[in-house]
Each structure stands twice: as C-alpha cells, then as structure tokens.
2 protein chains.
Amino acid sequence: MPREHVGIRDVAAAAGVSVTTVSHVLNDTPHTRTSELTKARVRAAAEALGYQPNRLARGLRTRASGMIGLLTEEIATTPHAGRIILGAQEEASRHNLTLAIINSRLNQDADIESAQVQAFIDRQADGIIYATVYHDEVVPPDELLSVPAVLVGARDRLGEIPSVMPDERAGATSVVDLLVRTGHRRIAFAASSVDVPATRGRLQGYRDGMAAAGLDPDAFVVEAVSEAIGGYEATMGLLDHGADPATRPTAVFCYNDRMAMGAYRAAAELGLSIPQDVSVVGFDDQDPIAASLYPALTTVALPHYELGAWAVETLTSLMEGRDELRLLGAHPTLLACPIVERASVAPPARA
Amino acid sequence: MPREHVGIRDVAAAAGVSVTTVSHVLNDTPHTRTSELTKARVRAAAEALGYQPNRLARGLRTRASGMIGLLTEEIATTPHAGRIILGAQEEASRHNLTLAIINSRLNQDADIESAQVQAFIDRQADGIIYATVYHDEVVPPDELLSVPAVLVGARDRLGEIPSVMPDERAGATSVVDLLVRTGHRRIAFAASSVDVPATRGRLQGYRDGMAAAGLDPDAFVVEAVSEAIGGYEATMGLLDHGADPATRPTAVFCYNDRMAMGAYRAAAELGLSIPQDVSVVGFDDQDPIAASLYPALTTVALPHYELGAWAVETLTSLMEGRDELRLLGAHPTLLACPIVERASVAPPARA
DNA sequence: CTGAAAGCGCTTACAG
DNA sequence: CTGAAAGCGCTTACAG
C-alpha cells in the first residue's frame, strides 16, 4: 500500500540520504559527484515507493513549466488541423514538454485573444504557438512578444516572430511540371475566387510552371467558388463549349480537392472519362475526398504535421535562448507540399 | 516600465497591505471580511502593476493544477476528432481550466499509454479524459483509476469509469423513421463489414426502425466495406438486378457518408437521379462530403463537440468529489445523433 | 561525496 | 478587519 502521497523527502528517508542527494541523482545534475552506491540506494528507494516528481513544484522552482501553449484558430473547421496538433504534440513529447491547447474562434474580439495568450502565460508556458489559417499577415496580441513564440500559417506584420507556412506556390508548380512531363500542354487551372493567401500562391505557382514550360500562363485560367459546385461549373465551362478536342484543355488542375470533386461530376455528365479523356488534379489531399473519389485523385498534400512539429522545434530553440532565430520572423519558413500521385492523371489522348 | 516580474508581494507593498489581504481580495475568499477601501486599494495596485497570479504556484499550494488532460486516440485520423477537442477545450475554459493533449497511437504498447497518463498525473492534472474510437470496451491503464477520469467513445471493461458515446442506434432508427414518414417502405441498408461498435449500433438501429414500421428488417440489408467503393458495389447490387422498379429499394441508407459517396456514383452510372429515383442517406455528416455531394447528402451528425463538453462537465463534477457519478461507469451515457436533412431524400416515385 | 537551508509564488489556518 | 507565518514539493547555490 503506497503512501497517499510520496514526495522527495519520503525517498530521502527511505534511502537514508538528504533530499538534495535524491534530487541530484534523479535529475543527473551535472557537476555533481555521488557515489554509485548512494545512487543505487536512491534509485531503489524511488522505485520501491513509486516516486513521481511533482512537475508543478519543479516548475515553480526552475521557472520552467515544461508546457507549451498552442493557440489555434478554428481547430474545428479546418480540414486536417488535427495533424498540426499531432505534429506539435509529438514533437513536444520528444522534448518532454506538454502541449496545452486553446481554440481561438475566428473574428473574435482582440481582447479575448489577449486573454487566451495571457492564460498560457499565467500558467508559465515556456513558449506559445499561434496558428492561423487563411491569413497572410496577422497582428498577434502584444502578450505574444513577451515570451518565446512562433506563428504557423501566417507571418506577423512586424516580422518579429518566426513563422512557417506551406509552400503553396511551389506545390502548384510541381503539379504543372508533372502534367507537362506526362505530355499535357493545354492545362487549365480552376482558380478560387476567395481572397486568401492560398488562392494567390497556387495561382502564381501554376503560372510559374506554365511559363517555365513555355506555355501561356493565362489561356486556361478560370475562376470559381472554391467548392464542389465551383469546380463543376468551371469544368463545364472549360470542356463543354469546345466540342473541339483539339483545342480544349486535356488536364484540369483544381484549386482544391472540393473543386476537383465537382470536376469529376462535370466530367461524368459530359461523358468524359478520367483520366483517359481528361486528367484532373486537386490540392489539399483532403480526407476523405482524395482517396474516395473514383478514380482516386492525384493531389497535393499540405504539410500539416510538419508545420506543427517545426513550430515546437523552433520554440525549443528559442526557449534555449537562441534568440538569433528571431530573425526568422522577417522571412517565413516555407515547407514543401508534396504531390500525392493517385489515378487521375494520364497522358492526353492522341487527338 | 513594469518590473521584470511582479508578484503578490509587489502588489501588497504597493497597496500597503499584507500578501494575505491581497490574496483574499483578489480571490474573493469566502468567510473573509475586508473593508471596501482596502479592496479598492488592492485592486488598483494589482491593476496598476499588471499583476497576474502565477497559476503554478497557486496550484502547488492548493493541490489543483487547473489543468485537465485529454488522451486521445488518433486525433489525426478520425474525421472531426477536432470537434471533440473543441468541445472539451471550450467547456474547460468555461470552468477556467486548461486542456492539455496527448495523442495515443493505435495499437501501441500498453506501457506507453501508462506513461502518457502518468505524464498528466505528474503535472497534477485535476482530471483525465481518455477518448477512443472504434471500441466498445477498453482497458485503460491502471493509473486512470487513481484520478478523476472519464471515457469518451467506449466504456471500460470493469464499468468503473463514467463514459459517454454517440447513440448510433437511435440515430439509425431516426433515419428509417424519416424515410418511412416520407413514404418509403423498401429501404435498403448498406451495412459495414468492419466489426466496430458503430457497425452493430447502426445496423441494429435500422432494424429497430424497420420492425417498428412493420417492415422486414432483413430483406434489404447488404454488407460491404465501409468506403466509397463498398457503397458503390452495394448500391449496384441493390439497384441493378431488379430492372423491376416495383420491387427494388426506393431508398438506400448507407452505413457512412463515404459509402454514400459510392452510392451516388452507382446511381449516376445507372442513370438514376437522386432523390427522384432513389433516396440516399449517409451517416457521420463528414465534412466535406456531405455538403459537397450533389445533391447535398441527408445524413446523421455525430455529437463530437457534445462528447467533449460532456466529458469535461462530468470531470468537473467528479473533481468536486461528487463520487456518486462513478456509478455512471456501468451505464455509458448516450448522446443523440441528430439528422441533418439536406437534399437527397424525397418521396419514392409512383411506381 | 553529501547535506542544511533558502526560496520559487502563492494560499490558508490561526491569531489578534 | 488584517497580518505573520507555515507550507505546498521541489531545486540549487553554498558549505563542509
């Protein structure tokens, strides 16, 4: 029957040493000499009593809570936001840190955000991650400047906080490259009409790729709402008018997977087979669309897990006082968006 | 310029009172009399100095960390698991509690789970939520019995820990009720071949509904893998053979939205319009399928947010020592799964 | 190689 | 109505 609460003094008593010694051996305190015999006795006593140090007490003394806070905008509504959390949590565990989470609802009062950051600070968070979506720049609460902090998904206006985001642009370019390599030259882009950074980045990436291949970057760009219905309408517009297979696009690169879903429906209604008659590519690798569509959708994955892991990794460096990392604030780190090749791309039909 | 760190003694000094008094007025300690004048002075001083109590120190003293731990299986891969976290986090905030999260990977060593629970305990978590999916019963680490704890998504084998889960069965029954009310009598169920609780619950609920309506609960049950391809095959089997519209099902209730996605494709290939020729219903209200399908899918929502909120709510009661709640362990609390009516259900065509 | 003591920043009987 | 003092469970100079 273990005692109600076994503390360091119980271990000391059981081992016949002082609490100082117990602390040193259990923590392997550097620059400290303890005889192997004593060490063994302490460890045995700790083991026997099932001693578990109280992290709160240690934190109070060392001024390090061993906790980092993640303030994330819309955990709920962002596809795969869970993977950001997962990446952050697992990386935190690797550093023996605990991850606390607070959800920040979109468009709320700035005072509430301040209070949320403050809640982490009151708990002596060693660092804070501020994760957003759909923003280029963000003006985080002032409180964030007083602790190690990193931004995910956006840069701060002042460029003072290290930030990381997906390289949407390069991801889009790599899609065009793949399509060109597969033999396509009339590659359409169904762009999004919503003004978020991803919209601009993906369109720009598409243009980069087209230009690099010596193709007209504007000839086949259409714009629609970034939902299935938009993809449907865009694809209809692209493939319907031209009964002329010699001039219409042979591939449709959609701004996102939801639009690709609409493109599939349009193709079906038009009697066009994917990928034989037309190739379709999405973006987001959004579960469960991408894998559930028939044929399975070739798309681009967002590095959510990596974003979260990068954030924690960078935070730990900042916490160690490597303040030169603050320089990262001016230039966001871009993480690659890998293509996930499935079955919706094939060489264009011989016209 | 605020001091490097302002503590309670700084406030006391500024207000010209003892730290005892500062603590009492800032915490509104019951059974304590303090003159309004003193209170005002203390509050003014705290405000002026920007004093923020150190929650770690308070926790050490009060033996309550103000933190609860969520150990969740597969945050990453479960659709909408984010909403469980959101519900738990927002409810926690309402109670002035912080939510810490650790992800538990499926099928891992039991020792790892023990260590994960222990990590929360070391940080003096006031309570722990153990959330799983795909399980009926679960054998949580022993450590969980030593603190206030609740289970989400499963009951524990011994029935000692309060638990909560979605009422899949009643949700399925309500779909049949809706379909019957709309005029259907030949209602098929595309069941899942995967053996998880949801499979059994939804099938049972379907049967309940059919039986209650005086219909044969077995006539139109088919089984397939719980993915789009399974829904496609099941629907093909159901609607293809009978060129006879007089005997084939007029509605297909799919085990989940992914299967419904396959059902849509089958209907399209068969030249059947939804909902004019056949009604389709899913389950999960899985974003982005349900709303992106055309026509938008009528389905059943899982109460993820409510599950998370219930867990925290119950935990707070347990933390207050309302131990009679442990009795809940024997009988899981079931939370309603509401139907989300969209556009895939209509009265059957007059045959 | 080991330990006595101070202190992290609070709360809380207890006394007055 | 207010305050001195102990103590939550650790870590860490410092002394020996």
Side-chain angles (χ1 to χ4, degrees), chain A residues 2-43 45-46 49-67 96 121-126, chain B residues 2-43 45-46 49-67 96 121-126:
Chain A
R3 292 197 31 184
E4 183 50 58
H5 182 88
V6 1
I8 194 172
R9 58 213 307 165
D10 299 304
V11 178
V17 299
S18 71
V19 298
T20 303
T21 299
V22 174
S23 178
H24 284 152
V25 357
L26 263 24
N27 292 319
D28 266 320
T29 313
H31 313 302
T32 259
R33 240 107 281 280
T34 309
S35 73
E36 287 306 325
L37 179 63
T38 305
K39 282 186 184 173
R41 278 222 311 273
V42 169
R43 292 195 176 113
L49 296 174
Y51 171 64
Q52 296 288 351
N54 179 329
R55 300 279 247 122
L56 239 50
R58 175 202 300 220
L60 180 59
R61 183 56 229 244
T62 61
R63 300 170 160 295
S65 63
M67 182 210 87
N96 200 19
I121 295 178
D122 291 349
R123 287 170 192 287
Q124 315 302 115
D126 295 334
Chain B
R3 293 197 28 183
E4 183 49 60
H5 182 88
V6 2
I8 193 171
R9 57 213 307 166
D10 299 303
V11 179
V17 299
S18 69
V19 298
T20 303
T21 300
V22 173
S23 177
H24 283 152
V25 356
L26 261 25
N27 292 317
D28 267 320
T29 314
H31 312 303
T32 259
R33 239 104 285 276
T34 309
S35 74
E36 287 306 326
L37 180 63
T38 304
K39 282 187 183 173
R41 279 220 312 272
V42 169
R43 292 194 177 115
L49 297 174
Y51 171 63
Q52 296 287 351
N54 179 329
R55 299 278 250 124
L56 240 50
R58 176 202 299 220
L60 181 59
R61 181 58 229 242
T62 61
R63 302 168 159 297
S65 63
M67 183 211 87
N96 201 18
I121 294 178
D122 292 348
R123 286 171 193 286
Q124 315 302 114
D126 294 334

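Small disclaimer: the values here were computed from a predicted structure and weren't measured. By convention in this document, chain letters (A, B, ...) are assigned in the order of the sequence lines, proteins followed by strands, and residues within each chain are numbered from 1.
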Distance check needed: [N] [atom2] versus [X] [atom1], whole Å only.
X	N	atom1	atom2	value
Asn54(B)	dC8(D)	CG	P	18 Å
Arg58(B)	dT12(C)	CZ	C1'	13 Å
Leu56(B)	dC8(D)	CG	C1'	12 Å
Leu60(A)	dT12(D)	CG	P	12 Å
Arg55(B)	dC8(C)	CZ	C1'	18 Å
Arg9(B)	dA4(D)	CZ	P	12 Å
Arg61(A)	dG9(C)	CZ	P	10 Å
Ile8(A)	dG7(D)	CD1	P	18 Å

How many angstroms lie between [atom1] in [X] and [atom2] in [Y], if you round to the nearest 0.5 Å?
X	Y	atom1	atom2	answer
Tyr51(B)	His5(B)	OH	NE2	7.5 Å
Arg55(A)	Met67(A)	CZ	CE	12.0 Å
Arg61(B)	Leu60(A)	CZ	CG	12.5 Å

Between [options], which one does the side chain of [X] approach most closely?
X	options	result
Arg63(A)	dC10(D), dG9(C), dT2(D)	dG9(C)
Thr62(B)	dT11(C), dC10(D), dC10(C)	dT11(C)
Ser35(B)	dC1(D), dT11(D), dG9(D)	dC1(D)

Just by modelled atom types, is the [Y] backbone N or O under 3.5 Å from a matching donor or acceptor in the [X] side chain?
X	Y	answer
Asp10(A)	Gly7(A)	yes
Thr62(A)	Arg58(A)	yes
Asp122(B)	Asn54(A)	no

*Treat a base pair as Watson-Crick or G-U wobble with both distances under 3.5 Å, then lay out DNA chain C in dot-bracket form, 5' to 3', with | for cross-strand pairs.*
|||.||||||||.|||
*Can you find a side-chain donor-acceptor pair between Ser23(A) and Thr20(A) that sits under 3.5 Å?*
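Side-chain D/A pair, Ser23(A) to Thr20(A): absent.
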_Within residues 17-32 of chain A: residues closer than 4.0 Å to DNA chain D (heavy atoms)_ = Thr20(A), Ser23(A), His24(A), Asn27(A)
*Grab the two heavy atoms, one from Ser65(A) and one from Leu56(B), that are nearest each other, plus how far apart they are.*
CB-CD2, 4.0 Å
*asked:* If I compare all heavy atoms of Ala46(B) with all of Val11(B), which pair ends up nearest, and what's the gap?
replied: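 What the structure gives for the nearest pair is N-CG1, 3.9 Å.
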